[in-house]
Amino acid sequence: MRIHPALFCIAFLLIINPVFSQTGQDARPDALRSYRIGRDLEARDRMDEANQYYNEAARICMDEITRNSASMDSYTVLTWTLQRQRKYSDVIAWGERGLRINANDYRIVETMGEAYFYLDRFDDSLRSMQRYVNSVPQGERSSVAYFFIGEIFRLQGKFHRADIAYTTAVRLDPGSALWWYRLGSVRESAGEFSPAMEAYQRALRLNPNYREANEGLERSRRSST
């Protein structure tokens, strides 16, 4: 028996329609995508546009948390987003809320460590960063965590400890001129002039126009003679 083409098309649509409907119901806005677009715009110094995407990412995360208070990915992306917007107190508030659900979400632990630093809560920042690197030594943000540890020790005048932290940071990620400069500065402050020159030189290789690194290199050269 032949089936009329029109009847065949109707039957086919009835079969696939529930699939399309279900897909439409399940499709939700992607907070991580909005966050990444915002971060890329920020890197291009288009902060007004970036904030539009950051606000969208934050809204999506908060909506998801309202639906599912145990959504750790939502807490994570939300704290990342608020961090980019320099809403550090909000990072702490939402981070603490997330960690009450899962105390071992080290993505949030590291982000809170950065927020504590910018709030000048250095002891809290140090605890968070040390907890992160001790728990996930090969974590994606390990180099950043060690850099912040170095920053805290530098500000506290603990130059040898800062040297160890910065050295670890540049070993994990050698591509930041700032990090090499900071390493040179604490070595210089500790009177380690030859190692300081090496670090300043690495900073200048990455950024030949780095005035502070060049000045540090010249000071260390004079002091080493």
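More than 12 heavy atoms of other residues, nucleotides or ligands lie within 6.0 Å of CZ in R39, so this atom counts as buried by the packing criterion. The environment of D48 atom CG is sparse: at most 12 non-hydrogen atoms of other residues, nucleotides or ligands sit within 6.0 angstrom. Summarising the local packing, OH of Y53 is surrounded by 12 or fewer heavy atoms from other residues, nucleotides or ligands at distances under 6.0 Å. Annotation: R121, atom CZ; neighbour count of heavy atoms from other residues, nucleotides and ligands within 6.0 Å is above 12.
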Salt bridge (Lys or Arg N to Asp or Glu O under 4.0 Å) between D63 and R59, worked out | CA-CA 6 Å; D63 287 347; R59 178 187 58 77; 3.4 Å; yes

Report the C-alpha separation of E114 and V144 in whole Å, then their side-chain angles, then the decisive distance to 0.1 Å, and conclude whether the side chain to side chain contact (heavy atoms under 4.5 Å, CB included) test is met.
-> CA-CA 9 Å; E114 294 185 37; V144 175; 3.7 Å; yes

Working for side chain to side chain contact (heavy atoms under 4.5 Å, CB included), residues R211 and E215 = CA-CA 6 Å; R211 179 176 57 82; E215 292 172 352; 3.1 Å; yes

Determine, step by step, whether F122 and Y116 satisfy the ring-ring contact (aromatic ring centres under 6.0 Å, His included) criterion, reporting the C-alpha distance in whole Å, the side-chain angles of both residues, the deciding distance to 0.1 Å, and the verdict.
-> CA-CA 7 Å; F122 297 135; Y116 282 133; over 10 Å; no

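Judged purely by distance below 3.5 Å, without hydrogens or angles, the side chains of N51 and E42 never pair a donor atom with an acceptor atom. Side-chain contact annotation: Q83 with Y118, donor-acceptor N/O pair under 3.5 Å absent.
Residues W180 and L204 are not in side-chain contact: their nearest non-hydrogen atoms beyond the backbone lie 4.5 Å or more apart. Within the 4.5 Å cutoff, no side-chain heavy atoms of C61 are placed close to those of E64. Side-chain contact between R154 and R161 is absent, with no heavy-atom pair separated by less than 4.5 Å. Looking only at side-chain heavy atoms (C-beta outward), I60 and D30 stay at 4.5 Å or farther from each other. In this structure, the side chains of S185 and Y200 come closer than 4.5 Å at one or more pairs of heavy atoms. Contact check for R222 versus F193: no side-chain heavy atoms found under the 4.5 Å cut-off.
If you run side-chain contact (heavy atoms from CB on, under 4.5 Å) between I149 and each of T168, V133, I164, only V133 comes through.
Looking at every heavy atom in both residues, A177 comes nearest to N207 through CB-CB, 4.0 Å. Residue L206 comes nearest to G175 through the heavy atom pair CD1-C, 3.8 Å, listed as atom of the first residue, atom of the second, then distance. When all heavy atoms are compared, the tightest approach of S220 to A196 is OG-CB, 3.7 Å. Shortest non-hydrogen contact noted between H160 and A190 is CE1-CB, 4.0 Å. Nearest heavy atom pair, residue A199 against residue R187, reads CB-NH1, 4.1 Å. Between E140 and Y132 the shortest heavy-atom distance is N-OH, 3.5 Å.
Checking side-chain atoms of W179 against main-chain N and O of P174 turns up no donor-acceptor pair under 3.5 Å. A donor-acceptor pair under 3.5 Å links the side-chain atoms of S142 to the main chain of P137, judged by distance alone.
The CZ atom of R84 sits 12.5 Å away from atom OG1 of T79, with the distance rounded to the nearest 0.5 Å. Atom OG in S74 sits 8.0 Å away from atom CG in L78 (nearest 0.5 Å). Between the OG atom in S194 and the CE atom in M197 there is a gap of 4.0 Å [rounded to 0.5 Å]. Between the OG atom in S135 and the CD atom in E110 there is a gap of 12.5 Å [rounded to 0.5 Å]. The line from CZ of R205 to OH of Y210 is 15.5 Å long, rounded to the nearest 0.5 Å. Atom CZ of R36 and atom OG1 of T81 lie 11.5 Å apart (nearest 0.5 Å).
Residues V136 and L126 are members of one and the same hydrophobic cluster, defined by side-chain heavy-atom contacts under 4.5 angstrom among Ile, Leu, Val, Met, Phe, Trp and Tyr. Residues Y75 and L32 do not share a hydrophobic cluster, defined by chaining ILVMFWY side chains whose heavy atoms lie under 4.5 Å apart. No single ILVMFWY cluster, assembled from side-chain heavy atoms under 4.5 Å apart, contains both L41 and V77. I65 is connected to M72 through a chain of hydrophobic side-chain contacts under 4.5 Å among Ile, Leu, Val, Met, Phe, Trp and Tyr, so both are in one cluster. M47 and L82 sit in two unconnected hydrophobic clusters of ILVMFWY residues. Membership requires side-chain heavy atoms under 4.5 Å apart, directly or through other members.
Note: Y35 and W80 meet the aromatic proximity criterion, with ring centroids under 6.0 Å apart. Taking the centre of each ring, Y166 and Y146 stay at or above the 6.0 Å mark. Taking the six-membered ring wherever Trp is involved, the centroid distance between the rings of F159 and F153 does not fall below 6.0 Å.
Salt bridge E218/R221: present, at least one basic N to carboxylate O contact under 4.0 Å. With salt bridges taken as basic N to acidic carboxylate O contacts below 4.0 Å, none links R44 and E49. The pair D123-R127 fails the salt-bridge criterion, with no side-chain N (NZ, NE, NH1 or NH2) lying under 4.0 Å from an Asp/Glu carboxylate O. Salt-bridge formation is not detected for the pair R202/E198: no Lys NZ or Arg NE/NH1/NH2 atom is positioned less than 4.0 Å from an Asp or Glu carboxylate oxygen. A salt bridge is absent between D40 and R46: the closest approach of a Lys/Arg side-chain nitrogen to an acidic carboxylate oxygen does not fall below 4.0 angstrom.
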For a quick test of your reading: what N or O donor-acceptor pairs under 3.5 Å do the side chains of residues 87-104 make, sequence neighbours left out?
{"unit_1": "N102", "atom_1": "OD1", "unit_2": "N104", "atom_2": "N", "d": "3.0"}
{"unit_1": "N104", "atom_1": "OD1", "unit_2": "Y106", "atom_2": "OH", "d": "3.2"}

